[in-house]
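When a residue number appears, it is its place in the shown sequence, counting from 1.
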Amino acid sequence: MQAATPPANPLRYFEGIGPARAATAAAPPVCLYLEVTNRCNLLCETCPRTFEALEPPADMSWALFTRIVDQIPDIARVVLHGVGEPMLVRELPRMIRHLKARGTYVLFNTNGTLMQPKRFGELIDTGLDELRVSLDAADRASYARIRGKDFFGRIVRDVGKFIAYQNGTGATTPRVSLWLTGLKETIGQLPDFVRLAARMGVRSVHLQRLVFDDGGYGMARAGNSLFESTRAEEQQAIDAAEALGAALGVTLDASGATEPGLSLKRADAGQPWSTCRRPWSLMYFTAHGRALPCCIAPFSVRGYSNYTLGDATQQTLREIWDGTAYRDFRAALLSDAPPAPCANCGLRWSL
């Protein structure tokens, strides 16, 4: 299965510019999301895995990893995370090197708890393009409340040391960014979060939209969401953080490579799912090889059986991509009755 020749900027596929949409995809995917593990060392109040067993604990095997990626040897972009912590995976550096050897853009999200100095050189040497650190708070107490454990000081220290190590060696990659999930409880901390990033040497901050299903879980509930309910004082915090970032040399962006204010507004008041191109541009696989429509699905509806689109241990990627389940999913997304994970989604979720 050969990937379509990607545009100069692969993100254009995720920003509404890409192949025409029909039940059958006109081109192979340009991006893979690979959940290299569903294990984690935190108990985050905004993550579904804290509250339910999505699949049995597992790391993606090397055999499954290569079975998937070698079917699309010229894939443009691979994201090595799902609902777990990628740095728990022993084979992670090998996986990154395997992908970089073919020119793929590679990134993953980490909670930053395992950024020990002894791993700095290896992480840089893999050729990793981007490292996203989910911190979610600007102070220790808020961090512990959201993340379930107190690793705040360690993360701030070690990520800061990593940036210093990069600067000392002249390494320009991976590009490091800090991420904060937009909760009503913590959005007021955004200016302090930008200040913290600057002190650590991180030059990019992202405001992440909160994702949750209809019932919600932990802190991932409608009452904590900023989406379409941002109050004046919360918008003031966003505006202040943007101004502070400009002064400190820290860029502030939001989910979906857009500015924070736009990210918190519905893209289309009538059918917010209508401009999504993910089922035409990417494939997501869990640690067990289950194909899901995107990285948002595990957070937006209960029960993987409701939207499993294939199994990479039993089928080829082409069989999954062109199969009945994927075609039916795309057809529903183009209709007035979208699949459950998509019903409350918007255009600009996180990338």
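- Scored by the side chain to side chain contact (heavy atoms under 4.5 Å, CB included) test, Thr286 finds Glu35, Glu55, Tyr284, His288, Arg290, Leu292, Tyr304 as partners (sequence neighbours excluded).
- When atom types are taken as modelled, the side chain of Trp273 and the backbone of Pro341 share no donor-acceptor pair closer than 3.5 angstrom.
- Side chain of Trp280 to backbone of Ala27: no donor-acceptor contact under 3.5 angstrom is found.
- Within the 3.5 Å criterion, the main-chain N or O of Phe120 finds no donor-acceptor partner in the side chain of Lys161.
- Contact detail for Leu244 and Arg195: the closest heavy-atom pair is CD2-CG, 3.3 Å.
- Between Met95 and Met60 the shortest heavy-atom distance is CE-O, 3.6 Å.
- Checked by atom type, the side-chain pair Thr181/Asp136 shows a donor-acceptor distance below 3.5 Å.
- Of all heavy-atom pairs spanning Pro86 and Leu92, the tightest one is O-CD2, 3.5 Å.
- Tested against Thr110 for a side chain to side chain donor-acceptor pair (under 3.5 Å), the candidates Arg132, Glu85, His81 yield a single pass: Glu85.
- Between Arg49 and Pro298 the shortest side-chain heavy-atom distance does not fall below 4.5 Å.
- Test Thr113, Val83, Asn111 against Cys40 for side-chain contact (heavy atoms from CB on, under 4.5 Å) and you get one pass: Asn111.
- Listed by chain and number, the residues in a ring-ring contact (aromatic ring centres under 6.0 Å, His included) with Phe329 amount to none (sequence neighbours excluded).
- Among all heavy-atom pairs drawn from Leu282 and Tyr326, the shortest one is O-OH, 3.5 Å.
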query: Could you go step by step and tell me if Val202 and Val250 meet the side-chain contact (heavy atoms from CB on, under 4.5 Å) rule?
result: CA-CA 7 Å; Val202 177; Val250 177; over 6 Å; no
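- For the atom pair CG of Asn41 and NZ of Lys149, the computed distance is 6.0 Å after rounding to the nearest 0.5 Å.
- A cation-pi arrangement is present between Arg330 and Trp321 under the rule of less than 6.0 angstrom and at most 45 degrees off the ring axis.
- With hydrogens and angles disregarded, no donor-acceptor distance shorter than 3.5 Å links the side chain of Gln189 to the backbone of Thr186.
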task: Apply side-chain contact (heavy atoms from CB on, under 4.5 Å) to the pair Ile187 and Leu207, showing each step before the final yes or no.
output: CA-CA 9 Å; Ile187 190 62; Leu207 179 63; 3.8 Å; yes
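- Between Arg277 and Arg21 there is a side-chain heavy-atom pair separated by less than 4.5 Å.
- In this structure, the side chain of Asn224 engages the main chain of Met219 through a donor-acceptor pair within 3.5 Å.
- Here the CD atom belonging to Gln166 is positioned 5.0 Å from the CD1 atom belonging to Ile124, to the nearest 0.5 angstrom.
- Ile72 contributes atom CD1, which lies 6.5 Å from atom CE of Met283 (distance to the nearest 0.5 angstrom).
- Of the possible donor and acceptor atoms, none in the side chain of Thr24 sits under 3.5 Å from a partner among the backbone N and O of Asp322.
- When all heavy atoms of Gln71 and Leu317 are compared, the closest pair comes out as OE1-N, 2.8 Å.
- Between Arg119 and Asp158 there is no salt bridge, since no side-chain nitrogen of the basic residue lies less than 4.0 Å from a carboxylate oxygen of the acidic one.
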task: For Asp129 and Lys100, run salt bridge (Lys or Arg N to Asp or Glu O under 4.0 Å): C-alpha distance rounded to whole Å, both residues' side-chain angles, the deciding distance at 0.1 Å, then the answer.
output: CA-CA 9 Å; Asp129 294 284; Lys100 291 306 302 176; 2.8 Å; yes
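- With rounding to the nearest 0.5 angstrom, the CD1 atom of Ile96 is 4.5 Å from the CG atom of Leu128.
- Looking at Asn38, its side chain does come within 3.5 Å of a backbone N or O of Ala58 through a donor-acceptor pair.
- Relative orientation of the Tyr143 and Phe152 rings is tilted, given thresholds of 30° and 60° on the angle between their planes.
- Interatomic distance, Met1 CE to Ile75 CD1, rounded to the nearest 0.5 Å: 8.0 Å.
- The environment of CZ in Arg140 is sparse: at most 12 heavy-atom neighbours from other residues, nucleotides or ligands sit within 6.0 Å.
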- request: With side-chain contact (heavy atoms from CB on, under 4.5 Å) as the test, would you mind laying out the steps for Val79 and Phe108 before giving the verdict?
  value: CA-CA 5 Å; Val79 182; Phe108 66 84; 5.6 Å; no
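- Closest approach of Ala197 to Val205, counting heavy atoms only: CB-CG2, 3.6 Å.
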query: Can you list the steps and then say if Phe193 with Leu135 is a side-chain contact (heavy atoms from CB on, under 4.5 Å)?
result: CA-CA 9 Å; Phe193 196 76; Leu135 189 57; 3.9 Å; yes
